[in-house]
Student: 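Have a look at this one before I ask anything.
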There are 2 protein chains.
Amino acid sequence: MQPRPRIPEATVARLAVYLRVLSGLADGGRGTVSSGELASAAGVNPAGLRKDLSHLGPCGVRGVGYEVATLRDRIAGVLGMETAHACVLVGLGNLGSALAGYGGFGSRGFEFVGLFDASPARVGQQVGGRPVRPMEELDEVVATTRATIGVIATPAEVAQPVCDRLTAAGVRSILNFAPVALTAPAGVHVRQVDLSVELQVLAFLDKQRGPVSALGDALSPAATRPATPVGRMA
Amino acid sequence: MQPRPRIPEATVARLAVYLRVLSGLADGGRGTVSSGELASAAGVNPAGLRKDLSHLGPCGVRGVGYEVATLRDRIAGVLGMETAHACVLVGLGNLGSALAGYGGFGSRGFEFVGLFDASPARVGQQVGGRPVRPMEELDEVVATTRATIGVIATPAEVAQPVCDRLTAAGVRSILNFAPVALTAPAGVHVRQVDLSVELQVLAFLDKQRGPVSALGDALSPAATRPATPVGRMA
DNA sequence: CCATGTGAACCGGTTCACAGCG
DNA sequence: CGCTGTGAACCGGTTCACATGG
């Protein structure tokens, strides 16, 4: 089975997690891992992990496990991490500023090559070591840096026009933090992250499972098996 | 079919989105909506929306649509939004501060009743109008406020101990922004939001679909149908 | 003998097409 | 006649059990 036939999106998301764990193991000088150990560190089921990895073709040694550094590089290659990705970020309120200053992006090969805001009060300020630019410069920056990813952290009202601007400028993928569904041209990928929705799902689960009692509800010998099929490395 | 037999989690997440759209429509004085219009505003397929709503029992008028205010209240009730939810937040770096100051939570019935940080430098500061408290006060605050939701925005290294602390204090649900898989006792719900993973999925999709050409790749009459099956209200 | 790799059952969720009702 | 509500097909992803091979 060639590594061609397209990798499921759910698998891609998990590969990113495996990659992070593997990087940590490699930095710790670890040589090999078993699927079981890697799976528990990533919070997934071992069989599922092996199935995920099977999409990249055989990359382990039977009876032994996976070679940490090799597997890391393999996944990094599949995910397109060998080359850095240029991103632009629009909207530097609290959330946007947090994203601009978040070290986790840079260390994973993503670089913000442009920060933009419509507010004159913010333009010119430095955020995360980079200057905030006016919206007028967006097209130019996207063109010269060949940025392919745009991150929207604006108020909901302006998210759609910003999206239009980004796609017109040549951005091919958008990560949207504004609480609105965006319309984008065909071929442009949009991912939505909605903080309030996450919280509301939790509140619902609480309501479902929770109304049993307000306290002392650790009735059953619960701690035997984690509800979350997760464990950090054994 | 009673509204009992449990609602799928995927549906719950979308109900939260419908609720937001409905609130907007209601504020705009709108009386009724059809499934088609609501679906396009929420970025989903009309049939799927109707199926989602079917979980709450019949709540529309055939041949007409849904009564906006009624449906809003119905969903709000199912989601447990009638009563405010007390949350505690741990970790007030850039991201945590952004979350603490984010208006979208308060307006949806979530209130941060406690902000905590381990760094003495941050303790005592005001964030989003609330004081940052030392970790020592966590148990007490959770107990007195009956907070059921905990949000973790700490560095990855301390996320697990913080999680342990929160669950020990009585928190039943956790929203984790730290890039690690958490282990929690049975019955505690954990949701993971991983910003880097989102970006990596986008980068992968770019790589898959993208290597065709760097520019001028709007070859086909693309704008005819949005790739994202979305549209804001027609 | 151990851990990988994978075909096949399984499951939840999505889509479709139409029945039901104002 | 229009739009809701839903049973049934469909599909992708997950889990399981075992065959494969160092």
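We name chains A, B, ... by the order of the sequence lines, and we start the count at 1 in each one.
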Student: Can you sort out the partners of A/D52 under side-chain hydrogen bond (donor to acceptor under 3.5 Å, both in side chains), two or more places apart, ordered by chain and number?
Tutor: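 By the side-chain hydrogen bond (donor to acceptor under 3.5 Å, both in side chains) rule, A/D52 matches A/T11, A/R14, A/Y18.
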
Student: Take atom CG of A/L49 and atom P of D/dC16, then tell me their distance rounded to the nearest Å.
Tutor: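 Distance check: A/L49 CG to D/dC16 P gives 15 Å.
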
Student: Using whole Å, report how far CG of A/L38 lies from P of C/dG5.
Tutor: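 About 12 Å, once rounded to whole Å.
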
Student: List in chain and number order the residues that pass ring pair (Phe, Tyr, Trp, His ring centres under 6.0 Å) with A/F204, two or more places apart in sequence or in another chain; answer none if no residue qualifies.
Tutor: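 For A/F204, no residue satisfies ring pair (Phe, Tyr, Trp, His ring centres under 6.0 Å) once neighbours in sequence are set aside.
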
Student: Please report, rounded to the nearest Å, how far the P atom of D/dG13 is from the CZ atom of A/R14.
Tutor: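 So the CZ-P distance, A/R14 to D/dG13, works out to 9 Å.
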
Student: Starting from P on D/dG13, measure out to CG on A/D52 and report it in whole angstrom.
Tutor: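 Nearest whole value for this atom pair: 10 Å.
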
Student: Under 3.5 Å, which donor-acceptor pairs do the side chains of residues 65-72 of chain A form with other protein atoms, sequence neighbours left out?
Tutor:
{"unit_1": "A/E67", "atom_1": "OE1", "unit_2": "A/T70", "atom_2": "OG1", "d": "2.3"}

Student: Taking atom C1' of D/dG12 as reference, at what distance in whole Å does atom CZ of A/R6 sit?
Tutor: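 A/R6 atom CZ is separated from D/dG12 atom C1' by 9 Å.
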
Student: Quick one: A/L53 CG to C/dT4 P, roughly how many Å, whole number?
Tutor: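 For the pair A/L53 CG and C/dT4 P, the rounded distance is 9 Å.
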
Student: Got a sec, which residues hit ring pair (Phe, Tyr, Trp, His ring centres under 6.0 Å) with B/F105, two or more places apart in sequence or on another chain?
Tutor: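 So B/F105 forms a ring pair (Phe, Tyr, Trp, His ring centres under 6.0 Å) with B/Y102, B/F112.
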
Student: Is the backbone of B/T183 close enough, under 3.5 Å, to the side chain of B/Q160 for a donor and an acceptor to pair up by distance?
Tutor: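 Present.
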
Student: Round to the nearest Å and state the distance from A/Y18 atom OH to C/dT4 atom P.
Tutor: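 Value for this atom pair: 13 Å.
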
Student: Find the distance A/K51:NZ to C/dG7:P and express it as a whole number of Å.
Tutor: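 Atom-to-atom, A/K51 to C/dG7, this comes out as 7 Å.
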
Student: Between the protein and nucleotides 2-4 of chain D, are there any N/O to N/O pairs under 3.5 Å, and if so, what are the atom names and distances?
Tutor:
{"unit_1": "D/dC3", "atom_1": "O4'", "unit_2": "B/G63", "atom_2": "N", "d": "3.2"}
{"unit_1": "D/dC3", "atom_1": "O2", "unit_2": "B/G63", "atom_2": "N", "d": "3.3"}
{"unit_1": "D/dT4", "atom_1": "OP1", "unit_2": "B/S35", "atom_2": "N", "d": "2.6"}
{"unit_1": "D/dT4", "atom_1": "OP2", "unit_2": "B/S35", "atom_2": "OG", "d": "2.6"}
{"unit_1": "D/dT4", "atom_1": "O2", "unit_2": "B/R62", "atom_2": "NH1", "d": "3.1"}

Student: Just jot down the side-chain hydrogen bond (donor to acceptor under 3.5 Å, both in side chains) partners of B/S35, sequence neighbours excluded, or say none.
Tutor: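 B/S35 satisfies side-chain hydrogen bond (donor to acceptor under 3.5 Å, both in side chains) with B/R50 only.
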
